[in-house]
Amino acid sequence: MIQLELWELKNICMEMASLGAANYVKMTKPADDLISQREAYREFQECRVKKWVQKGTVSTTRGGASIRSKVLYSRAELLAADKSEKLNTLINK
């Protein structure tokens with residue numbers, strides 16, 4: 001049986017609502033969903049983003065055809081990976 005405190009459940013609900021909003025933006029305005037690698041590292045920590053990419057949890061795209069083009073990430077994918085890690089730690093205490 002999983003037992004969560006009320007504040008933990010409230011935070012989960014709020015985080016899932018923000019994830020839903022991010023997925024809506026991804027569906028309606030895909031260009032607005034993309035963030036640069038630098039911004040992804042700053043917002044979600046470089047080591048975590050690299051781990052998610054290595055595991056295949058998050059995918060990358062290039063901003064152009066050149067090898068020097070910006071590496072872009074989906075904010076919705078990053079948020080989903082972040083929230084799933086947090087939820088996993090709450091459930092599997």
Side-chain angles (χ1 to χ4, degrees):
M1 178 189 250
I2 299 171
Q3 288 189 339
L4 297 173
E5 295 290 330
L6 185 59
W7 63 270
E8 289 173 322
L9 189 57
K10 176 193 69 101
N11 287 339
I12 289 170
C13 291
M14 289 174 50
E15 289 174 354
M16 293 307 125
S18 69
L19 182 57
N23 279 316
Y24 178 76
V25 169
K26 182 178 181 177
M27 289 177 6
T28 58
K29 300 177 185 175
D32 290 347
D33 177 55
L34 297 176
I35 62 173
S36 69
Q37 182 168 323
R38 180 177 298 194
E39 190 175 348
Y41 287 174
R42 183 175 45 246
E43 195 171 330
F44 298 97
Q45 300 173 345
E46 182 176 349
C47 60
R48 294 174 72 212
V49 173
K50 285 182 177 180
K51 180 178 69 172
W52 296 335
V53 170
Q54 185 180 26
K55 287 183 175 181
T57 307
V58 173
S59 58
T60 62
T61 57
R62 291 253 177 212
S66 169
I67 190 118
R68 294 184 168 263
S69 300
K70 268 187 177 182
V71 175
L72 301 172
Y73 295 87
S74 165
R75 182 183 301 276
E77 282 186 24
L78 291 167
L79 279 171
D82 180 52
K83 302 307 179 203
S84 63
E85 274 188 356
K86 288 180 181 175
L87 190 58
N88 186 38
T89 59
L90 285 173
I91 292 174
N92 298 316
K93 289 182 185 178

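Legend: residues meeting side-chain contact (heavy atoms from CB on, under 4.5 Å) with K50, ordered by chain and number and at least two apart, are Y41, E46. Listed by chain and number, the residues in a side chain to side chain donor-acceptor pair (under 3.5 Å) with K70 amount to none (sequence neighbours excluded).
In this structure, the side chains of T60 and L72 stay at 4.5 Å or more apart for every pair of heavy atoms. Between V58 and V49 the shortest side-chain heavy-atom distance does not fall below 4.5 Å. Within the 4.5 Å cutoff, the side chain of Y73 has no heavy atoms near those of the L34 side chain. Contact annotation: the side chain of R75 never approaches that of K26 to less than 4.5 Å [non-hydrogen atoms, C-beta and beyond]. Using a 4.5 Å heavy-atom threshold, the side chains of R62 and V71 count as touching. Side-chain contact between T89 and E85 is absent, with no heavy atoms from C-beta onward closer than 4.5 Å. The shortest side-chain heavy-atom distance between F44 and W52 falls under the 4.5 Å cut-off.
We find that R48 and D82 are joined by a salt bridge, their nearest charged nitrogen and carboxylate oxygen being less than 4.0 Å apart. We find that K29 and D33 are not joined by a salt bridge, their nearest charged nitrogen and carboxylate oxygen being 4.0 Å or further apart.
Both L79 and L90 belong to a common hydrophobic cluster when Ile, Leu, Val, Met, Phe, Trp and Tyr are linked at side-chain heavy-atom distances under 4.5 angstrom. There is a path of hydrophobic side-chain contacts, each under 4.5 Å, that joins L19 to L87. Hydrophobic clustering keeps L6 apart from M14 (ILVMFWY residues linked when any side-chain heavy atoms are closer than 4.5 Å, directly or through intermediates).
Applying the side-chain hydrogen bond (donor to acceptor under 3.5 Å, both in side chains) test to pairs two or more places apart or on separate chains, those with a residue in residues 4-23 are E8-K93.
Atoms CZ and OG, from R42 and S36 in turn, are 6.5 Å apart once rounded to the nearest 0.5 Å.
Between G63 and S69, the shortest heavy-atom contact is N-CB, 4.0 Å.
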